[in-house]
Visitor: 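Below is the structure I would like to discuss, written out as structure tokens.
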Amino acid sequence: MSLLQKIDPPGGGPAFPGGVAEGANLRTPCGPRRVEFVRNGDMIVTRTGGLQPVRLVWQRRLTADEVARHPDRAPVRLMPRALGPMMPQSALLVAPDHRLLIPGWRLAAWPDDRAALVPAREIAGTSDAAFIDRAPAAVTLYHFVFDSPQVLLVNGLPVESLAPGARVIAGLGLAERTSLFDRFPQLRKDPSAYPPAEYPSASGTDYLAVV
């Protein structure tokens with residue numbers, strides 16, 4: 001089995017939720033590393049878990065034709081400092097459903113001291129620095145699976161790793177499901193066995209942009 005799972009989803013649908021675009025940098029103990037060069041076993045700096053080894057790396061291609069047929073799949077572009085100082089440090093392109101870790105004080109009716117995961121599509125349009133980008137002809141999106149859900153620094157912005165819970169597993173294609181069960185055989189019998197996310201979801205909560 002290849003170290004890098006190249007996914008061609010049946011029917012042209014997304015093979016997995018979320019994803020960060022090629023060219024983005026993950027923080028590692030040896031400095032930044034572009035997502036397309038990360039492999040299984042590489043150590044990644046996480047927000048609260050210290051150094052964690054990547055267990056699976058998945059990639060999928062998002063084409064202009066797919067975006068034309070499914071406009072809701074168009075990626076979100078976050079320009080430098082879109083969410084705050086050094087967040088991100090440089091422009092970042094992510095899938096619209098990829099969740100970002102947002103400080104509580106930037107969310108309406110949310111505890112100031114409790115960060116939450118918010119889909120990128122809900123940040124798009126809140127300022128000129130965060131918007132839906134339908135311009136790319138094609139882009140490769142990457143996602144990473146660890147032993148438990150992690151928050152990673154991608155171009156300096158905290159974003160989630162892929163958490164293969166029961167709902168995600170149900171939507172996976174054969175290739176991803178096979179590689180996932182090979183790595184985590186307990187999920188074959190109990191799709192809810194993957195550890196829960198450390199941070200809550202705040203989907204649908206108003207984002208308070210800096211003015």
Visitor: What pair of heavy atoms forms the shortest contact from L162 to Y194, and how long is it?
Guide: O-OH, 3.9 Å

Visitor: Do E36 and T140 have side-chain N/O donor and acceptor atoms under 3.5 Å apart?
Guide: no

Visitor: Do V145 and V54 come within less than 4.5 Å of each other through their side chains, counting heavy atoms only?
Guide: no

Visitor: Show your working on salt bridge (charged side-chain N to carboxylate O under 4.0 Å, His left out) between R34 and E22 and close with a plain yes or no.
Guide: CA-CA 7 Å; R34 286 174 55 146; E22 56 195 321; over 6 Å; no

Visitor: Would you tell me whether S148 and Q150 have side-chain atoms, one donor and one acceptor, within less than 3.5 Å of each other?
Guide: yes

Visitor: S192: what forms a side chain to side chain contact (heavy atoms under 4.5 Å, CB included) with it, not counting sequence neighbours?
Guide: D190

Visitor: Is R177 atom CZ crowded by more than 12 heavy atoms from other residues, nucleotides or ligands, each under 6.0 Å away?
Guide: yes

Visitor: Per the side chain to side chain donor-acceptor pair (under 3.5 Å) rule, what does the pair list look like for residues 155-173, sequence neighbours excluded?
Guide: S90-N155, R99-E160

Visitor: Mark yes or no for whether E176, through its side chain, and G173, through its backbone, hold a donor-acceptor pair below 3.5 Å.
Guide: yes

Visitor: Using the rule that Ile, Leu, Val, Met, Phe, Trp and Tyr join whenever any side-chain heavy atoms are under 4.5 Å apart, tell me whether V159 and Y199 fall into a single cluster.
Guide: no

Visitor: Does F184 have R55 sitting over its ring (NZ/CZ under 6.0 Å from centre, angle to axis within 45°)?
Guide: no

Visitor: Is there a chain of hydrophobic side chains (I, L, V, M, F, W, Y, each step under 4.5 Å between heavy atoms) that links Y207 to L78?
Guide: yes

Visitor: Could you check if a side-chain atom of R60 sits within less than 4.5 angstrom of a side-chain atom of L141, using non-hydrogen atoms only?
Guide: yes

Visitor: Is there a path of hydrophobic side-chain contacts, each under 4.5 Å between heavy atoms of I, L, V, M, F, W or Y residues, that connects L107 with V76?
Guide: yes

Visitor: Can you tell me how far the CG atom of L157 sits from the CG atom of N25, to the nearest 0.5 Å?
Guide: 13.0 Å

Visitor: Determine whether M87 and V20 fall in the same hydrophobic cluster, where Ile, Leu, Val, Met, Phe, Trp and Tyr are linked whenever their side-chain heavy atoms lie under 4.5 Å apart.
Guide: yes

